[in-house]
Amino acid sequence: DQPLGKRMQWGLEANDQAASDGQVVGVVRDFNFQSLHNPIEPFVFIYNIQPTIIISFRIAAGQMETALDKVRDLWGDFAPKYNMDLKFVDEQFALLYETEERMLTIFGYFAIISIFIASLGLFALSAFTIQQRIREIGIRKILGASVGQIIQLLGKEFLVLVLIAAVIALPLAYYYLNLWLTEFAYHISVHIGMMFLVVLFTLMLALAVISIHAYRAARANPVEALRVE
């Protein structure tokens with residue numbers, strides 16, 4: 001509770017004695033210095049008066065190029081024999097998530113391809129189904145059905161199929177997404193509301209695809225639909 005001024009030891013010699021000893025002069029808040037796959041562990045900043053080859057500094061926003069030019073000039077003045085290896089902290093942390101970034105890219109491409117193929121299939125299926133019911137649509141129009149009512153009639157059947165697919169897919173997605181998140185010591189929770197947004201987006205996409213054929217069929221001349229074969 002009162003660490004300031006106390007001494008601590010670290011490291012271990014061959015004779016089971018501490019390799020180093022120092023006095024605590026300050027305490028900082030816990031922070032993640034590793035990937036979020038790992039929980040926060042103890043970390044000690046050690047003041048070392050010995051020469052070092054690593055220098056850390058912060059650059060003010062909007063001063064990147066000016067600051068880097070000055071750093072290079074200073075490095076050339078004080079350590080001309082050594083090459084400066086400049087690294088940014090955010091880039092180093094990004095390397096900790098290379099696997100996740102690669103997986104995100106792969107799954108993103110697969111998702112786009114899957115949505116495209118599913119939309120093509122739905123487009124073709126709706127065209128075939130509407131063509132099979134073209135006379136029914138003509139009769140309904142003659143009896144006074146509006147374009148909106150016909151679109152609603154045709155779209156309802158397909159939307160039911162989409163909902164059935166969502167009921168099957170969403171629990172699996174929810175389970176495996178939570179399973180993947182457990183690999184991180186710190187992670188968000190998957191809310192049911194997010195799943196409902198996915199269902200809503202899927203229904204809207206399906207309705208948009210179906211409406212193309214449904215609107216065209218609803219606007220067609222019913223006389224053409226009822227013409228004798």
Side-chain angles (χ1 to χ4, degrees), residues 35-37 93-229:
S35 164
L36 293 180
H37 292 89
F93 271 98
L95 294 176
L96 300 175
Y97 303 101
E98 270 189 316
T99 302
E100 284 72 24
E101 289 289 341
R102 194 179 302 113
M103 185 174 66
L104 177 63
T105 302
I106 294 173
F107 275 92
Y109 284 127
F110 273 112
I112 293 173
I113 294 172
S114 299
I115 292 173
F116 179 72
I117 294 175
S119 299
L120 283 180
L122 190 60
F123 188 82
L125 182 60
S126 62
F128 175 77
T129 303
I130 291 173
Q131 187 62 36
Q132 294 294 105
R133 301 177 61 178
I134 195 68
R135 287 185 177 80
E136 177 190 347
I137 295 173
I139 293 173
R140 288 181 180 274
K141 285 196 66 177
I142 290 175
L143 294 177
S146 65
V147 174
Q149 289 174 330
I150 294 176
I151 294 176
Q152 181 180 3
L153 172 69
L154 298 173
K156 182 170 60 177
E157 298 178 4
F158 289 98
L159 293 183
V160 169
L161 294 177
V162 173
L163 281 175
I164 294 174
V167 170
I168 297 173
L170 287 182
L172 295 174
Y174 182 83
Y175 172 77
Y176 284 107
L177 187 56
N178 275 299
L179 187 64
W180 173 68
L181 287 173
T182 56
E183 298 180 2
F184 296 85
Y186 308 98
H187 58 80
I188 63 172
S189 299
V190 181
H191 298 288
I192 300 299
M194 298 170 61
M195 296 297 176
F196 282 117
L197 287 177
V198 173
V199 175
L200 181 61
F201 171 78
T202 306
L203 290 175
M204 291 176 62
L205 180 62
L207 185 61
V209 172
I210 297 166
S211 296
I212 295 174
H213 288 303
Y215 180 78
R216 188 178 302 169
R219 294 286 296 176
N221 187 348
V223 175
E224 297 292 333
L226 296 175
R227 186 170 292 174
V228 179
E229 289 180 310

Heavy-atom closest contact (Met195 atom, Val190 atom, distance): CE-CG1, 3.7 Å
Leu104 CG to Tyr109 OH distance, which is reported to the nearest 0.5 Å: 10.5 Å
Main-chain N/O of Ser126 paired to Thr129 side chain as donor or acceptor, under 3.5 Å: no
Heavy-atom side-chain proximity of Tyr97 to Met103 below 4.5 angstrom: no
Heavy-atom pair of closest approach, residues Thr202 and Val162: CG2-CG1, 3.6 Å
Non-hydrogen side-chain atoms of Trp180 and Glu100 separated by less than 4.5 Å: yes
Atom pair CZ/CD1 of Phe110 and Ile117 - distance to nearest 0.5 Å: 10.0 Å
Phe107 atom CZ, over 12 foreign heavy atoms within 6.0 Å: no
OH (Tyr175) with more than 12 external heavy atoms under 6.0 Å: no
Least distance between heavy atoms, Pro171 atom then Ala166 atom: CD-O, 4.1 Å
Stepwise side-chain contact (heavy atoms from CB on, under 4.5 Å) check, Leu95 with Glu98: CA-CA 5 Å; Leu95 294 176; Glu98 270 189 316; 3.9 Å; yes
Value rounded to 0.5 Å, distance of CG in Leu163 from CG in Leu170: 10.0 Å
Check: Ser35 side chain, His37 main-chain N or O, donor-acceptor pair, under 3.5 Å: yes
Phe93 atom CZ, neighbour heavy-atom count above 12 within 6.0 Å: yes
Worked check of side-chain contact (heavy atoms from CB on, under 4.5 Å) between Asn178 and Thr182: CA-CA 6 Å; Asn178 275 299; Thr182 56; 5.6 Å; no
CE on Met194 to CG on Leu177, rounded to 0.5 Å: 7.0 Å
Closest non-hydrogen atom pair between Val209 and Ser119, with its separation: CG1-O, 3.8 Å
CG on Leu36 to CZ on Phe184, rounded to 0.5 Å: 7.5 Å
